[in-house]
Each structure stands twice: as C-alpha cells, then as structure tokens.
Amino acid sequence: MPTSMMAENWTRVSEFILLSFSSLPTEIQSLLFLTFLTIYLVTLMGNSLIILVTLADPMLHSPMYFFLRNLSFLEIGFNLVIVPKMLGTLIAQDTTISFTGCAAQMYFFFFFGVAECFLLATMAYDRYVAICSPLHYPILMNQRTRAKLAAASWFPGFPVATVQTTWLFSFPFCATNKVNHFFCDSPPVLRLVCADTAQFEIYAIVGTILVVMIPCLLILCSYTRIAAAILKIPSAKGKHKAFSTCSSHLLVVSLFYVSSSLTYFRPKSNNSPESKKLLSLSYTVVTPMLNPIIYSLRNNEVKNALTRTFHKALALRSHIL
C-alpha cells in the first residue's frame, strides 16, 4: 500500500479501549471482580504490614529486611498501576483509558517490573554475603552499602521504561484503538501500530532478555556459592538454619521468573491473547499477594515481630481506653 494511502488510514488516537475480560459473561466478570478485589486488598494490607513491622521492630533492622521492605514498596506500586483500572473494567465497564494514561501505565509497569528483577538479584547477593561471610556481614552490608544497592536496583527501571514507552508511543496508530488485554502491555499495544516496528521489536526482545537474564545469572551465581557454603556446614541443624534464611527468597524468585518467562518467552503460536491474560494475572496480581504471605509464614523472625507488634498495639489500645 502506498505511503499516502496508509497515512489516510492513520488517526490521532486520544484514548484506548481495554478489552480486558469483556468476552466473558457478566456473572463471571462479577465473580472475577470480587476475587481480584479480595486479592488486591490482601496485597495492600500484607505488603503494608511488612513495611510497618520491619520499620517498627528493632529486631528487623538488618539488611535482609531493608531489602524486603523495598520489595513490598515495589509490589504495592506494581498493583496500584494495574489492578484498580482492571477492577473498573470489570464492575463499571469503564474500559477506556486515555492515550497519556495508557503510556503512563506502561511506563510504570516496565519500571516496577525491571526494578523487581534487579532487587531480587540484590537480595540474593545479600544472602550470599550473610552465609558465605557471616563475620564480615555487618561491615560489608552497612547502611551506606545497602542504600547504594537498593538505588542500583531501582535505577535500571528508569532508562528501560523511558526508552521503550517513548519509542512505542511515538508510532502512528491505526483506526482501531482496542487493546486486547486488561492493561497497556507492550505486545497488545504494538499490534495497533501502523508502521514498521522491526527495529523496536528487536530492541524489545534484546532488552527483555538482558533485563531478565542479567539478574537471573547474578541470582544463580549467588545461590551456587551459597549451596557450596551450606554443604560445608558440618551439622544438619546448621545446614537447615542456613537454608531457611534463603528459602523464602528462592520461592519468591521462582514465582516471579517462571510466571513472567512463560508470558514473554512462549512461542507466538502457543500464545493466544486469552492465555497471555491468564499468565499475566499470575505475576501482576497473584505473586504480589503471595510475597508477604511467604515471608510471614516461612520466617520465624517476621512471625515473632508481627506477634510483638500486635501485642504492643493491644497494650496501647487498652492503656488509652
């Protein structure tokens, strides 16, 4: 088709329509709304509780809980970017999202996603130092160092999100503005573009692989050394104690990487829009809810801190009354 004819079919898109789960019956959508609302509230309360408890309890002022607090901040941000709009599409049928709103949603989705990848790698390094160099741990992971590591984890999200979002939304869009997803993710928005996107797709693939693989390799290196160190511990009790400090993080890493990899690295022939929506729910909605539960149930220090905080709150309330 000549360029002039293609240009006539282009339109200045001012808003997008999120198809979300509109193909499902109204009763199913109502059930999904109640389910996702419950998960959303549990996610906000669970991660907020982790933040408050790790700040309030002096026993949880170690580097590990500093990074856990950062992870909870990320999970809250991740949920706020996606879930409220998704709930609106389910209950109020408010499926429209402005051009700027769609770009902002995609930007912060990339930002929080990339930051989480690198923060999980930083948490693995923290566990490596704690287990492999326990005597030097307080010195190596001092307050200044942990702040730098946290900043280094958050920073990569800015350039990745800025380049990818700005580049994608600089393309012209076709007459259709229907995004076949429950949020403005890159692949479904890219399908609406009326231009040659080959270079952008190469960049997106390479960028995604680097963002996933670099932290993943760092995590694998850390846990390879951790495993070697644990095997050298003579007592079974010592091995169990060392492993228990890593088990929660390993479970969180597995949930995040498995779900996101299945979403973005599946062959296109096996990747229908509906199946991608279901997979996307796992790391955008379910995983952020599970993280505080995993760290609370599998960590005695957190459970004890929650108990102490609860008792203090009850004592303060009774004192006031």
Side-chain angles (χ1 to χ4, degrees), residues 6 10 13 16 18-19 74 77-78 81-82 97 99 102-122 124 152-174 176-221 253-288:
M6 288 179 64
W10 294 350
V13 174
F16 293 95
L18 297 172
L19 296 183
L74 277 175
F78 205 69
V81 168
I82 295 170
I97 184 169
F99 184 91
C102 187
Q105 189 181 53
M106 186 182 294
Y107 180 91
F108 285 107
F109 168 74
F110 284 133
F111 169 70
F112 287 121
V114 172
E116 183 161 349
C117 283
F118 283 93
L119 183 62
L120 290 173
T122 300
S153 301
W154 285 76
F155 176 76
F158 287 109
V160 172
T162 300
V163 172
Q164 186 144 335
T165 306
T166 304
W167 192 352
L168 178 51
F169 281 87
S170 67
F171 284 121
F173 289 89
C174 299
T176 180
N177 62 345
K178 295 180 179 179
V179 179
N180 193 7
H181 211 351
F182 58 84
F183 71 100
C184 288
D185 197 3
S186 178
V189 174
L190 188 64
R191 293 190 190 102
L192 309 182
V193 171
C194 286
D196 182 7
T197 60
Q199 286 187 335
F200 174 82
E201 290 182 56
I202 292 171
Y203 160 79
I205 292 170
V206 172
T208 303
I209 291 172
L210 289 176
V211 163
V212 171
M213 291 307 298
I214 291 174
C216 193
L217 288 173
L218 292 173
I219 291 169
L220 286 174
C221 288
V253 167
S254 300
L255 285 170
F256 180 80
Y257 275 101
V258 170
S259 58
S260 57
S261 296
L262 285 174
T263 302
Y264 290 101
F265 296 114
R266 291 175 75 201
K268 287 189 176 180
S269 58
N270 300 329
N271 204 8
S272 68
E274 298 307 317
S275 66
K276 185 171 182 180
K277 288 177 192 177
L278 292 173
L279 285 170
S280 296
L281 285 171
S282 62
Y283 69 89
T284 58
V285 179
V286 179
T287 301

Q. Minimum heavy-atom separation for Lys277 to Phe182, with atom names?
A. O-CE2, 3.4 Å
Q) Crowded around Phe99 CZ? As in, over 12 foreign heavy atoms under 6.0 Å? A) yes
Q: For Phe158, check ring pair (Phe, Tyr, Trp, His ring centres under 6.0 Å) against everything at least two apart and list the hits.
A: Phe111
Q: Quick one: list whatever passes ring pair (Phe, Tyr, Trp, His ring centres under 6.0 Å) with Phe118, sequence neighbours left out.
A: none
So [Y] and [X], do their side chains get closer than 4.5 Å, heavy atoms only?
{"X": "Leu218", "Y": "Thr122", "value": "no"}
{"X": "Tyr107", "Y": "Phe112", "value": "no"}
{"X": "Leu168", "Y": "Ser186", "value": "yes"}
{"X": "Pro288", "Y": "Leu74", "value": "no"}

Q: Assign the ring pair Trp167 / Tyr203 to parallel, tilted or perpendicular, where the plane angle (0 to 90°) is split at 30° and 60°.
A: tilted
Q: Could you tell me whether a side-chain N or O of Ser153 sits under 3.5 Å from a main-chain N or O of Ala115, the two making a donor and an acceptor?
A: no
Q) When you measure from the side chain of Asp196 to the backbone N and O of Ala198, does any donor-acceptor pair fall under 3.5 Å? A) yes
Q. Where do Cys102 and Phe169 land on the side chain to side chain contact (heavy atoms under 4.5 Å, CB included) test, with the steps shown first?
A. CA-CA 9 Å; Cys102 187; Phe169 281 87; 3.8 Å; yes
Q: Go through Cys216 and Cys117 one step at a time and tell me if the disulfide (SG to SG under 2.5 Å) criterion holds.
A: CA-CA 8 Å; Cys216 193; Cys117 283; over 6 Å; no
Q: Using the side chain to side chain contact (heavy atoms under 4.5 Å, CB included) rule, take Val211 and Phe110 through it: C-alpha gap first, then chi angles, then the decisive distance, then the call.
A: CA-CA 10 Å; Val211 163; Phe110 284 133; over 6 Å; no
Q: Compute the ring centroids of Phe109 and Phe78, then answer whether they are less than 6.0 Å apart.
A: yes
Q: State the CG-NZ distance between Leu192 and Lys178, to the nearest 0.5 angstrom.
A: 11.0 Å
